[in-house]
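In what follows, a structure is listed as structure tokens, so that the remarks can point back to it.
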Amino acid sequence: MSTVSAVLSEVRAANPLVHCMTNTVVPEITANVLLAVGAAPAMIDLPEEAAIFAGIASALLINVGNGSAEQHAGMRLAAPAAVAAGHPWVLDPVAVGGLPVRTALARDLLADRPTAIRGNASEILGLAGASAGGRGVDATDDAESALDTARELADTTGAIVAVSGPVDVIVSPDGRVTRVTGGSPLMPLVIGTGCSLGAVVAACLGAARPAGLDEHDAVVAAHALFAAAGSLAATQTAGPGSFRTAWLDALHTLTPESTLVAVDIAEA
Amino acid sequence: MSTVSAVLSEVRAANPLVHCMTNTVVPEITANVLLAVGAAPAMIDLPEEAAIFAGIASALLINVGNGSAEQHAGMRLAAPAAVAAGHPWVLDPVAVGGLPVRTALARDLLADRPTAIRGNASEILGLAGASAGGRGVDATDDAESALDTARELADTTGAIVAVSGPVDVIVSPDGRVTRVTGGSPLMPLVIGTGCSLGAVVAACLGAARPAGLDEHDAVVAAHALFAAAGSLAATQTAGPGSFRTAWLDALHTLTPESTLVAVDIAEA
Amino acid sequence: MSTVSAVLSEVRAANPLVHCMTNTVVPEITANVLLAVGAAPAMIDLPEEAAIFAGIASALLINVGNGSAEQHAGMRLAAPAAVAAGHPWVLDPVAVGGLPVRTALARDLLADRPTAIRGNASEILGLAGASAGGRGVDATDDAESALDTARELADTTGAIVAVSGPVDVIVSPDGRVTRVTGGSPLMPLVIGTGCSLGAVVAACLGAARPAGLDEHDAVVAAHALFAAAGSLAATQTAGPGSFRTAWLDALHTLTPESTLVAVDIAEA
């Protein structure tokens, strides 16, 4: 718990620059979320620029939801560039499973050994080949149903695997399993709460690595902050519009201490 | 009226998955609007994926505002794929008339017989070749001025044609004409209130068709819900920023009954 | 000061149509900001359409942040088309300096003699070749540090050069220097407050030119309105989410008179 708190403090102190290569729906909320939590966003997709910038930024997010062929080419250059620079990178396998282009892309990118993989249960199952997905970005499976697959994926790829749901489950190659409980049923009614969580995982890793803080706990910290902000915002709102506003405010105003009070973090 | 109410209930019950191929400005608000009304959004533009997904989703939206050549290629595959699967699809002819690429695209897509066409008066006139548009997405004509053109377009294409304005006019090939009155002058000051209406038309059609509900009334239902949410939000807000938030809340909290109380629906 | 007020009134009266070619992160907020201040947005990027539309719109914005190769080709056609039509155009050199594609593009576009150039200090230095930038869209230099470079850039290009920061500095080729003080530390925590300022500079120029109003003062007017809205919104908000909402409301509700009361404008 003290490491989770230290990671959240370090994000505010270090203001990590997060290189985001994400889908067409969520760039604005992703940028606003990163700014709210104390990080700095930069969306850079052109292959020639992405390959350079991935070596400059503190961390890289690759979200394979709805991108162009040009962006996909950039992703294939950026992931190895981040690795070559020693920087963490996060794979978000949006709607992977049934859609062929992104599924092939996401599986190819596993060869570049992402530091973390974040998705809902359907996406984790789809990435591992254990499910065909089916409803696009919808989660049709709960996080626990993907636990065994997440463990195998962590073993095979060396990544910390985070499965989002009403209870988030974070699994590491060393066998650690942490569950984060909090949030609100309104969160899935705001687009980008999942996708921007991937960006905040990148921010937490980008702050943790130079500071020598544990990377499993960095992934947990991102999930804890999101859930805490969701719990807090839900007490103040009348629907998804006002929830979204209050949630962005909460991401900014929550301290590491108030974050930990608002959620339950359990290591199995 | 009872069918309108039944369609709105069915959207909540069936959670129709809406495949959106839309312009670069409105993906986020379109997704948030669909989530607020009880539908599920998925933005999928790559040709290879769009052709598959249009056969999976409950309904397809094609909005020809500001897209890439790659997305346009995807649209040309997705429309026939939706038709082949027996799923409804909606054409939104944003700024069609004076701009050559989208005008040719939208007219070509008429051969795939959209279930509904939704635009402002300038766009409906531009699609039919009766006007050159001129101010881009701006409506420079009111809905009634496009009534005759809308009737002809409905006859020629077999589509339900909805012309948006302070009073919306919905025209069907069988001669039915329905007017929906409500909303707020603040609505055109929030970008995407028109474009996301096209997505909700798709959601209502995607819920109505499998349930055997009348499709003209499904298009009316989408317009009634939008107008009711606009009327309700306008009572609570100080400007377009707070209106947008309150309007998203209202889209989520309005029941079919409270929707029908807030607007006037008149069949001519 | 009276010209600044006259420009703001003219934007409301003339409703200038602003052709925006901008990055993937900010189209929605840019459109909402333009609507809030009384202008009309149209995002049109395809080369064939952009070349036409730049001749129709009242003004053009070219923002070189995260665009596609296809959009860049459109920008290279649109800038000369705006010039040929006698319409003002604005260059926003987002993250120019260290990233090669956009840096070459922005420098090439200087040959089309932008009416105004708006950026933060790092971007103005990067455009002029006086800095390599480094943190992407982050400003790592304050506006005064770019004053000499801004003067040279104004002399060389004939453009009005606006350097954004806690105090904005607007420099013209005739030697005029104006400083605008206002705003809030929350503004840089909302993505797009800089990019949409570029669009409002275009709106003010698009209203000022046909009315024969001074163009330096038009650029000042845009900065004054943004700063005033920021100052006003900051008094009402708990974090960046609610700030964003209140700021959009303020952009809409501020009159020219209340704008001038809320900020300090000083000509050196």
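Reminder, nothing fancy here: chain letters follow the sequence lines and each chain counts from 1.
- When all heavy atoms of A199(C) and L34(C) are compared, the pair lying nearest together is O-CD2, 3.5 Å.
- For R102(C) and E48(A), the salt-bridge test fails: no basic side-chain N is under 4.0 Å from an acidic carboxylate O.
- Most heavy-atom pairs under 4.5 Å with chain A: of the set P188(C), A69(C), G67(C), this distinction falls to A69(C).
- Ranked by heavy-atom pairs under 4.5 Å with chain A, the list T245(C), V101(C), V26(C), T24(C) is led by V101(C).
- At least one donor-acceptor pair closer than 3.5 Å links the side chain of T193(A) to the backbone N or O of M187(A).
- You'll find the side chain of F226(C) reaches within 4.5 Å of the side chain of S196(C), heavy atoms only.
- When each of H19(A), H252(A), R244(A) is checked for heavy-atom pairs under 4.5 Å with chain C, H252(A) comes out on top.
- If you measure heavy-atom distances from E70(A) to chain C, the contacts under 4.5 Å come from the side chain alone.
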